There are 2 protein chains.
Amino acid sequence: MSVESARARTLSHVDPAEVPLQAALDALADPVRRSILRDLSVHDDWTRACGTFDLPVKKATASHHFAVLRAAGLIEQRDEGARRLNRLRREEFDTAFPGLLTATIDRAD
Amino acid sequence: MSVESARARTLSHVDPAEVPLQAALDALADPVRRSILRDLSVHDDWTRACGTFDLPVKKATASHHFAVLRAAGLIEQRDEGARRLNRLRREEFDTAFPGLLTATIDRAD
DNA sequence: CATGGTGTTCGATCCCTGTCGTACAGTTGT
DNA sequence: ACAACTGTACGACAGGGATCGAACACCATG
């Protein structure tokens, strides 16, 4: 039987290929979320916990943004102790939406 | 001196290079607007008047969407008699936001 | 076991924007 | 001149989403 914790049970990941374009665009249209993605794109996988991002919003709001990114197939999350580590799903998302990530987060503004 | 009509005076176009990424994404995040862009992408320039699009909204709303697309540098408009013709600014927009248009309107959904 | 740290959930609030009806401006044809 | 057509402007409305505080669950460490 499954022995995952109640905490990990909140972590449902979606195949980017199953994500509607609308959901992907809604996720990418928010500046705070793009900021998170840019941060992830310049760091190694699984090195950034949710609380380590420098965001202009409170933690409740940040938690909401991470959930949206996860539901859009843009990030993967994994619990490590009390912290939740993140990974940008660059390759999977690129396969589903070629060029979209590059066009939105590889920019100055 | 300029002899443009009062109608044409409402038509201010913006260089896509001057458009903030946020405005571009906001414009592309709406399904009605993407529908307009897809329609334009498969027809010759200046062949589609605003009223010829099959949209699920009333004309006041459609007019709003055309204004948003224009402000985002995604379309160019020109008056021809009582009708306002449209053109997708594919090349200019692609230069400013490489891959973004293709990633958002060249899709099934 | 108590304390502090990390992150989620819930309810409430606020603001933005998509939507529409109506009125209006220009154009075309009768 | 008049009517019909195309599109915009404006005010109003409703829905959704971003935001936050507070409460809670889980983990780590003393």
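Chain A is the first sequence line, chain B the second, and so forth, proteins listed ahead of strands; every chain is numbered from 1. It should be emphasised that the depicted structure is a prediction, and the values quoted were computed from it without experimental measurement.
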Of the listed nucleotides ([options]), which one gets closest to any side-chain atom of [X]?
X	options	result
R83(B)	dG7(D), dA22(D), dT8(D)	dG7(D)
K58(A)	dA18(D), dG7(C), dG21(D)	dG21(D)
K59(A)	dG21(C), dT6(D), dA23(D)	dA23(D)
T61(B)	dC20(D), dT19(C), dT6(D)	dT19(C)

Whole-Å gap separating [atom2] ([N]) and [atom1] ([X]):
X	N	atom1	atom2	result
D79(B)	dA25(C)	CG	P	17 Å
D26(A)	dC16(C)	CG	P	18 Å
L11(B)	dT6(D)	CG	C1'	13 Å
R78(B)	dG7(D)	CZ	P	15 Å
F66(A)	dA18(D)	CZ	C1'	16 Å
L28(A)	dA18(D)	CG	P	12 Å
H64(B)	dT17(C)	NE2	C1'	6 Å
Q77(A)	dT6(C)	CD	C1'	13 Å

(request) State, with a plain yes or no, whether a side-chain heavy atom of D26(A) is found less than 4.5 Å away from one of V68(A). (result)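 No. Closest side-chain heavy atoms not under 4.5 Å.
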
(request) Decide yes or no for I75(B) and L37(B): does some side-chain heavy atom of the first lie under 4.5 Å from some side-chain heavy atom of the second? (result)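 They are in side-chain contact.
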
Which part of the nucleic acid, if any, lies within reach of [X] when heavy atoms closer than 4.0 Å are counted: base, sugar-phosphate only, or nothing?
X	answer
A62(B)	nothing
A67(B)	nothing
H65(A)	sugar-phosphate

(message) Looking at R33(B), I'd like to know whether one of its side-chain N or O atoms comes within less than 4.0 Å of OP1 or OP2 on dG18(C).
(response)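 Looking at the OP1 and OP2 atoms of dG18(C), one of them is under 4.0 Å from a side-chain N or O of R33(B).
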
(message) Looking at every non-hydrogen atom in both residues, tell me the closest pair between T104(B) and L28(B) and how far apart they are.
(response)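 The answer is OG1-CD2, 3.8 Å.
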
(message) Is there a continuous path of hydrophobic side-chain contacts, each under 4.5 Å between heavy atoms, that joins L74(A) to W46(A)?
(response)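 No, separate clusters.
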
Using distance only, find each side-chain donor-acceptor pair of residues 49-59 of chain A under 3.5 Å and give its atom names and separation, not counting sequence neighbours.
unit_1 : atom_1 : unit_2 : atom_2 : d
T52(A) : OG1    : A49(A) : N      : 3.4
T52(A) : OG1    : A49(A) : O      : 2.6

